[in-house]
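Following: one structure in structure tokens, then a few remarks.
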Amino acid sequence: MQPLIPRQSAHEHGVQRVDNDARLSDELASVVGGARRRAVRDGDRQIDTAHLLHSLLESDPEARSVFGEGPQIARLLGYLVQRSIGYGLRWQNGVEDSGAVPVVTETAGFSPLAAGCMEYACERAAGRGGPARGTDLLAAIVADPQARAVEVLERAGIDPREVFARLDGRSGLTTGECGEAAL
């Protein structure tokens, strides 16, 4: 039986692999893989911060725990699912780039802002002396108010500044130690 939707590789969409980055924990590499699959499935040319957030919430219990239990996390996941069925259609033809984060060109397949978030996560982890984890990426995602993921968080009634503060408290690092945050 033939699938109704022909399979397309991430390479065909221009969403290339970065899973082999030694600066990423195995868990975060898995999150990136999930975000890549979601971008391809949604027909997006690049992985953006909303893809990364959705994959983090699905795959990383530590990152998900930052949001607590209850209606807030359910509402957030609902908005992220809506993104793939219509909410994010207005984003499909545009590139996520706030201009606040320098463009990182070597991270092919990511929006400029998502590529910057990946770099920020790695820098944050380097301050701790380990590979980047999901919570490092989550902190990077919520640091730029122009990120698509931040828009989704706000629509779900979640303050990205509070998320960043919770993450900062967990890491024991201050904002200045892990890089410049746009908050």
Side-chain angles (χ1 to χ4, degrees), residues 7-60 62-64 66 76 79-81 83-84 87-127 130-154 160 163-164 167 178-183:
R7 291 188 176 258
Q8 295 176 321
S9 72
H11 184 69
E12 289 175 54
H13 268 68
V15 182
Q16 300 169 11
R17 294 179 128 13
V18 294
D19 300 358
N20 61 353
D21 190 335
R23 301 175 304 161
L24 305 181
S25 67
D26 292 341
E27 294 80 11
L28 187 52
S30 177
V31 165
V32 171
R36 179 185 326 100
R37 287 186 296 278
R38 184 169 307 287
V40 169
R41 185 175 50 243
D42 292 350
D44 296 332
R45 293 186 334 234
Q46 296 178 321
I47 298 168
D48 67 22
T49 58
H51 293 122
L52 291 168
L53 177 62
H54 199 161
S55 190
L56 274 170
L57 293 174
E58 287 181 336
S59 306
D60 190 320
E62 185 181 13
R64 188 173 45 251
V66 172
L76 176 57
Y79 274 107
L80 287 164
V81 168
R83 177 230 161 90
S84 65
Y87 172 68
L89 288 179
R90 64 189 164 88
W91 292 334
Q92 250 182 351
N93 294 325
V95 173
E96 179 186 42
D97 181 18
S98 70
V101 178
V103 175
V104 181
T105 57
E106 69 246 15
T107 312
F110 286 86
S111 71
L113 204 150
C117 287
M118 293 299 294
E119 287 301 314
Y120 178 92
C122 291
E123 290 171 16
R124 183 178 168 94
R133 299 185 320 236
T135 53
D136 296 313
L137 179 59
L138 182 56
I141 288 171
V142 299
D144 192 319
Q146 299 301 312
R148 291 175 179 172
V150 168
E151 182 179 337
V152 175
L153 286 167
E154 289 171 341
V163 173
F164 190 84
L167 290 163
C178 28
E180 186 246 328
L183 297 174

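Note that this is a predicted model, so its numbers are computed, not measured.
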Under 3.5 Å, side chain of [X] to main-chain N/O of [Y], donor-acceptor pair present?
X: S59; Y: V31; result: no
X: H54; Y: H51; result: no
X: D60; Y: E62; result: yes

At what distance, to the nearest 0.5 angstrom, does [atom1] of [X] lie from [atom2] of [Y]?
X: L57; Y: L52; atom1: CG; atom2: CG; result: 11.0 Å
X: Y79; Y: E154; atom1: OH; atom2: CD; result: 11.5 Å
X: I47; Y: R37; atom1: CD1; atom2: CZ; result: 10.0 Å
X: L28; Y: D136; atom1: CG; atom2: CG; result: 8.0 Å

Given the rule in the side-chain contact (heavy atoms from CB on, under 4.5 Å) test, do L153 and I141 qualify, once you have shown the distances and angles that lead to the verdict? CA-CA 11 Å; L153 286 167; I141 288 171; 5.5 Å; no
Shortest non-hydrogen contact from [X] toward [Y]:
X: L167; Y: R124; value: O-NH2, 3.2 Å
X: V150; Y: P145; value: CG1-O, 3.8 Å
X: A22; Y: P131; value: O-CB, 4.3 Å
X: M118; Y: F110; value: CG-CE2, 3.8 Å
X: F164; Y: A143; value: CE1-CB, 4.3 Å
X: Y120; Y: A140; value: CD2-CB, 3.0 Å

Are side-chain heavy atoms of V163 and V66 found at a separation under 4.5 Å? yes
Does the pair R23 and E123 meet the rule for a salt bridge (charged side-chain N to carboxylate O under 4.0 Å, His left out), with working shown? CA-CA 9 Å; R23 301 175 304 161; E123 290 171 16; over 6 Å; no
Go through the structure and list residues passing salt bridge (Lys or Arg N to Asp or Glu O under 4.0 Å) with E58, not counting sequence neighbours. R38
Tested for side chain to side chain contact (heavy atoms under 4.5 Å, CB included) against L137, the lone hit among S55, C117, C122, S25 is C117
